[in-house]
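Note sheet for the following structure.
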2 protein chains.
Amino acid sequence: MYTESVENYLKAIYKLSSRQGGGYASTKAIAEVLEVRSASVSKMLQRLEKMGMVHHRSYQGVQLTSQGRRIALRTIRRHRLLETYLYEVLGYSWEQLHSEAELLEHYISDLFEAKIDEALGFPTHDPHGDPIPSKEGKMPDIQHIALANVEVPGEVVIARVPDSSAQFLCYLKEVGLLPKVSLKVLRKEPFNGPLLVVLGDREQVIGREVAGKIWVKKKRDLIDGGRIDEENS
Amino acid sequence: MYTESVENYLKAIYKLSSRQGGGYASTKAIAEVLEVRSASVSKMLQRLEKMGMVHHRSYQGVQLTSQGRRIALRTIRRHRLLETYLYEVLGYSWEQLHSEAELLEHYISDLFEAKIDEALGFPTHDPHGDPIPSKEGKMPDIQHIALANVEVPGEVVIARVPDSSAQFLCYLKEVGLLPKVSLKVLRKEPFNGPLLVVLGDREQVIGREVAGKIWVKKKRDLIDGGRIDEENS
DNA sequence: ATCTAAAATTAGCCTTGACTAATTTTAAAT
DNA sequence: ATTTAAAATTAGTCAAGGCTAATTTTAGAT
């Protein structure tokens with residue numbers, strides 16, 4: 001078992017380095033995410049290097065090793081499974097989820113992880129819609145369109161539409177989202193505002209209500225090393 | 001929130017000092033329970049004293065303050081609620097219970113405690129039959145006769161008999177355990193062996209099968225400060 | 001090509017909670 | 001009343017993981 005601190009550093013590095021293509025996280029960014037000073041980060045990076053968790057090029061940045069990524073993904077998996085369990089089974093409210101999961105993710109056992117996974121029916125996404133990595137460290141390849149990464153807009157394909165009412169499907173056809181097309185998410189407004197997407201040669205606004213029911217999948221050539229999603233939660 | 005270490009010391013002191021009437025725990029005994037060296041205990045006791053958790057008379061022993069007892073009981077409550085939840089809801093096996101609860105007891109929130117308490121229907125005893133302290137730090141006053149403290153044999157009264165089949169009640173009457181009488185537990189054999197109890201002027205052997213269905217209550221004048229049970233679990 | 005500000009690192013300190021070794025206190029046996 | 005062994009405490013060390021202050025490196029502006 002690794003310490004809470006080590007797991008939090010690995011999680012932060014994972015999220016930061018997958019946020020942009022480069023794959024390197026800076027000391028300063030890590031310090032900001034974890035709310036510690038840069039000096040503490042520098043020191044920890046050396047310890048993580050010794051443990052074989054990261055490749056650290058001094059003054060350049062860090063990257064996870066496969067070992068480091070394994071632990072980061074395991075921690076993220078536990079966080080998201082916990083949030084799902086707290087929400088679905090124990091009736092936590094939205095705001096109470098994060099802080100509980102953020103701590104417990106470091107202390108539950110493999111068995112606990114397996115038990116809640118089973119109790120939930122092996123979910124692929126948490127209550128925020130974020131993908132839950134598999135036990136083997138693979139991210140599910142579909143996600144809510146509303147969560148598709150906007151900073152690095154990429155083409156996605158509609159993969160699943162859980163509301164199969166005639167009314168809803170009709171509406172999707174009307175605006176040209178069905179039959180399944182490839183599209184690009186251009187811009188998201190905050191606070192459940194609408195999305196702006198590119199459909200072939202034109203743009204289309206999609207309300208959040210609708211967006212919440214559309215699951216997309218990145219186009220195959222855009223997936224690099226299973227690193228699909230990097231939203232925080 | 002207190003550290004895992006602090007909570008474990010308080011739990012150990014609680015259990016040791018209620019194991020015998022005196023109410024003091026020795027440095028050596030604490031060291032043995034926690035599997036650390038005596039020197040480490042001495043140092044921690046000074047820290048706990050400063051925190052207002054214990055009264056420590058050098059070379060004599062320690063006792064919890066009411067503040068210390070509050071934290072110890074809260075930790076024990078969480079441990080036993082967790083074990084009950086893991087067993088009843090998540091389907092843990094007997095042997096898997098302890099280690100998971102032993103760690104998580106330090107990291108769950110008040111809310112988590114309340115949620116699993118509610119999900120279990122506010123249980124008073126864990127799967128081992130050990131009493132679960134209330135949120136206010138009161139031990140339920142009944143327990144399985146099989147768990148009644150043998151080192152300090154005390155008189156107890158039969159308080160509850162959950163198996164109300166005519167057959168079972170008949171048997172209890174036959175051996176003189178019903179209608180409710182006062183009795184004293186003399187000796188327990190290990191490995192689910194029988195109990196030997198004193199009933200008025202004679203002794204009676206009770207098999208574990210039967211014992212498991214008899215709940216007793218200490219006689220009022222034997223209860224000191226709510227400190228009724230001190231089995232480990 | 002140089003300068004400078006931001007980023008990163010190093011050096012040194014602190015607390016927690018372990019440890020060992022040395023010392024002190026207590027209590028039991030003579 | 002001494003002696004002595006066990007128990008307890010103190011002194012000093014170590015690793016994690018924070019911190020501040022000082023220094024070094026990098027990269028962007030001139």
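Naming: A, B, ... by sequence-line order, numbering from 1 per chain.
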Nucleotide [N], atom [atom2] - distance to [atom1] of [X] in whole Å:
X       : N      : atom1 : atom2 : value
A:Glu49 : D:dA16 : CD    : P     : 15 Å
A:Tyr59 : D:dA27 : OH    : P     : 12 Å
A:Glu7  : D:dG17 : CD    : C1'   : 15 Å
A:Met53 : D:dG17 : CE    : P     : 12 Å
B:Leu34 : C:dA18 : CG    : C1'   : 12 Å
A:Leu45 : C:dA8  : CG    : C1'   : 10 Å
B:Lys43 : C:dA21 : NZ    : P     : 16 Å
B:Lys28 : D:dA5  : NZ    : P     : 16 Å

Which nucleotide in the set [options] lies at the smallest distance from any side-chain heavy atom of [X]?
X       : options                : answer
A:Thr3  : C:dG17, D:dA16, D:dT10 : D:dA16
B:Ser40 : C:dA8, D:dT10, C:dC19  : C:dC19
B:Tyr9  : D:dA21, C:dA18, C:dA8  : C:dA18
A:Ser38 : D:dG18, C:dT9, D:dT10  : C:dT9
A:Ser26 : D:dG17, C:dA18, C:dA8  : C:dA8
B:Ser5  : D:dG17, D:dT24, C:dA18 : C:dA18
A:Gln46 : C:dT9, D:dG18, C:dC19  : C:dT9
B:Val6  : C:dC19, D:dA21, C:dG17 : C:dG17

Note to self: Just to verify, which of A:Lys11, A:Arg77, A:Arg78 counts as forming a salt bridge (charged side-chain N to carboxylate O under 4.0 Å, His left out) with A:Glu105?
What the structure shows: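 Only one of A:Lys11, A:Arg77, A:Arg78 forms a salt bridge (charged side-chain N to carboxylate O under 4.0 Å, His left out) with A:Glu105, namely A:Lys11.
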
Check: If you pin A:Gln60 and A:Glu35 to their nearest nucleotides in DNA chain D, which one's is more 5'?
Finding: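 First, find each residue's nearest nucleotide; the 5'-ward one identifies A:Glu35.
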
Margin query: Closest-nucleotide mapping onto DNA chain D: is A:Arg37 or B:Ser58 further toward the 5' terminus? I mean the 5' end.
Written below: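 The answer here is B:Ser58.
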
Check: Would you say A:Glu100's side chain and B:Ser109's backbone share a donor-acceptor pair under 3.5 angstrom?
Finding: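 Looks like yes, one N/O pair under 3.5 Å.
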
Note to self: Test your reading of the model: is there a side-chain donor-acceptor pair from B:Arg70 to the backbone of B:Gly137, 3.5 Å cut-off?
What the structure shows: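 Here the side-chain-to-backbone pair does not exist.
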
Margin query: Side-chain N or O of B:His56 versus OP1/OP2 of D:dT9: is the shortest distance under 4.0 Å?
Written below: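 Yes, B:His56 has a side-chain N/O under 4.0 Å of OP1/OP2 on D:dT9.
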
Notebook entry, point to check: Looking only at side chains, do A:His106 and A:Asn8 share a donor and an acceptor under 3.5 Å apart?
Noted result: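 There is such a pair (donor and acceptor under 3.5 Å, judged by atom type) between the side chains of A:His106 and A:Asn8.
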
Next item on the list: Mind checking B:Thr27 for me? I need base, sugar-phosphate or nothing, with any heavy atom below 4.0 Å counting as a touch.
Entry: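 Answer is sugar-phosphate: B:Thr27 comes under 4.0 Å of backbone atoms only.
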
Notebook entry, point to check: When you look at CZ of B:Phe112, are more than 12 heavy atoms from neighbouring residues, nucleotides or ligands closer to it than 6.0 Å?
Noted result: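 Correct, the count exceeds 12.
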
